[in-house]
Amino acid sequence: MENQRTEKIILTGDRPTGRLHVGHYIGSLQRRVELQNSGEYQKIFIMVADAQALTDNIENPEKVRQNIIEVALDYISCGLDPEKSTLLIQSQIPELCELTFYYMDLVTVARLQRNPTVKSEIQMRNFESSIPVGFFTYPISQAADITAFKATTVPVGDDQLPMIEQTREIVHKFNTVYAPVLVEPAALLQEREACRRLPGIDGKAKMSKSLGNCIYLADTADEVRTKIMSMFTDPLHLQVSDPGHLEGNTVFTYLDAFCREEHFGRYLPDYANLDELKAHYQRGGLGDVKVKKFLNQIMQELLEPIRTRRKEMEKDIPALYDILRKGSEEAREVAAQTLAEVKSAMRINYFEDAELIRAQKEKYGA
Ligand code: TRP
């Protein structure tokens, strides 16, 4: 028990509803790989959350089925290493459903209704009065995902904070009512503000598949270049000599997220750093095309090795399913152990409870 408390365990995941894009990369994937390679974590579980994806995709389950492998390809091509991180598919761990069922008793409908992420998702999807129960309760199932692995650390985007908060409440309640078997997780957010929520190439608040404004990790070099050259900048910056604005200027937002000082030495040696480039843009005399070309060079440098690894993995898809199967089996053992502890804490492990059987027997005087 003592030993378990000092262990640092990561669990995180994604819904397989599409390929992953550079927003996922800078907001979370890059960090996961760093955490994986830091050697600070005893266990790392990365979940393809297919069951959660079904909660709002029941009209299109095939989409979820198809995208499991896309997400897994993206994971590995970004540097998640199956030797160091356990990659698993949520639906293959039935213990998660059982945990969810018991946790449901610890949460009120009103509390779920207050969850801001669920609230805004309900609005975005126009569910109104036809909210699927499974969707409404997915924060509880997410609490099961996290606690099944006794995760201490959940690296996520800030839209997931309400889920972690709700998980902590469930853990607290469970540990108080029953016995302290669950671990309260902490969210781990991307430190740099600029990396937290990358806008789409059209400047809209979020990269999203349905808006068609994403740069995917699997895009070809040409696709990436075309997308960057079409990016939203500053509508008032008509001529190179005009002063430019940085506010809401997507190209500069991306530079804030992706650009490092060393990139200037390599691609734009006339400037020492991003501040100098920004100052010139604001003064006037710096054209969008030049800035976009610079961003393109940075993005190509980042994406090229990812694309190459992906191509390599694409040659052996069965091997990838094998990785996911093994990871799911390994994960299942861990979840089963937690479930056993949960049921024992709840005292619903009747057949292992010799004391209960003896007491009942005595009651009947036999
Ligand atoms: N809700 C997450 C998303 O929409 C996916 C997810 C499912 C998850 N279970 C999780 C994230 C557990 C972190 C921990 O992307």
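These numbers come from a predicted model, not from an experiment. Scope of the values below: all heavy atoms of this structure, side chains included, with no hydrogens, waters or symmetry mates. Ligands are counted one by one from 1 in listed order, and the atoms in each one are counted from 1 as well.
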- Message: Show, in sequence, the C-alpha distance, side-chain angles and deciding distance for Thr147 and Tyr103, and conclude whether the side chain to side chain donor-acceptor pair (under 3.5 Å) test is met.
- Response: CA-CA 11 Å; Thr147 55; Tyr103 294 171; 2.8 Å; yes

- Message: Test side chain to side chain donor-acceptor pair (under 3.5 Å) on Tyr138 and Glu121; report intermediate values, then the result.
- Response: CA-CA 12 Å; Tyr138 92 73; Glu121 284 175 324; 2.6 Å; yes

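For the atom pair CD (Glu261) and CG (Asp275), the distance works out to 8.5 Å, reported to the nearest 0.5 Å.
Residues forming a side-chain hydrogen bond (donor to acceptor under 3.5 Å, both in side chains) with Glu276 (at least two apart in sequence, or on another chain): none.
Salt-bridge annotation for Arg266 and Glu301: present, with a side-chain N of the basic residue lying under 4.0 Å from a carboxylate O of the acidic one. With respect to the salt-bridge test (charged N to carboxylate O, under 4.0 angstrom), the residues Glu40 and Lys8 qualify.
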Short N or O separations between ligand 1 and the protein, below 3.5 Å:
{"from": "ligand 1", "atom 1": "1 (N)", "to": "Gln52", "atom 2": "OE1", "distance (Å)": "2.7"}
{"from": "ligand 1", "atom 1": "1 (N)", "to": "Gln142", "atom 2": "OE1", "distance (Å)": "3.0"}
{"from": "ligand 1", "atom 1": "1 (N)", "to": "Gln160", "atom 2": "OE1", "distance (Å)": "2.9"}
{"from": "ligand 1", "atom 1": "4 (O)", "to": "Arg15", "atom 2": "NE", "distance (Å)": "3.1"}
{"from": "ligand 1", "atom 1": "9 (N)", "to": "Asp145", "atom 2": "OD2", "distance (Å)": "2.8"}

